[in-house]
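Before any comments, here is the structure.
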Amino acid sequence: MYALSTQVLERPELKDANTGPEMFHYVRKEKIAESAVLGTFVVALCGEKFPVTKAPKPGSPVCPRCKEIYDSLSG
């Protein structure tokens, strides 16, 4: 007889590109092309994980948390 076990597997919260206003995040420059081509996930400064699917245009909204972290590093 087999013992049945139930486990809860947690997964990180991922960005859903189809919800809410689109915001762009700061990620490592060297990871952008790899993610765009291979579909691998990048980790933004704010901790959000997602695959790169679009390039930002001038004036695109930026994640406030990413901007705050970036400004504190470059200041």
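The analysis underlying the following values was restricted to heavy atoms, covering all of them including side chains, and did not include hydrogens, waters or symmetry mates.
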**Request:** Work out which heavy atom in A44 is nearest to a heavy atom in V27; give both atom names and the distance.
**Result:** CA-CG1, 3.7 Å
**Request:** Any chance you could measure E22, atom CD, to T53, atom OG1, to the nearest 0.5 Å?
**Result:** 7.0 Å
**Message:** Let me confirm one number: the CD1-OG1 distance from I32 to T40, rounded to the nearest 0.5 Å.
**Reply:** 11.0 Å
**Request:** Kindly give the heavy-atom pair with the smallest separation between P51 and G39, and that separation in Å.
**Result:** CB-O, 3.9 Å
**Asked** Hey, quick one: are L45 and V43 part of the same hydrophobic cluster, counting side-chain heavy atoms closer than 4.5 Å, chains of contacts allowed?
**Response** no
**Request:** To the nearest 0.5 angstrom, please state how far the CG atom of L73 sits from the OH atom of Y26.
**Result:** 11.0 Å
**Complete:** Minimal heavy-atom distance between M23 and C63, with the atoms involved, is SD-CA, 3.5 Å
**Prompt:** In Å and rounded to the nearest 0.5 Å, what is the OG to CD distance from S35 to E30?
**Reply:** 12.5 Å
**Message:** Which Ile, Leu, Val, Met, Phe, Trp or Tyr residues join L38 in one cluster when any pair of side-chain heavy atoms under 4.5 Å counts as a link?
**Reply:** V37
**Message:** Does R65 form a salt bridge (charged side-chain N to carboxylate O under 4.0 Å, His left out) with E48? I'd like the steps, not just the answer.
**Reply:** CA-CA 10 Å; R65 183 69 183 132; E48 192 162 338; over 6 Å; no
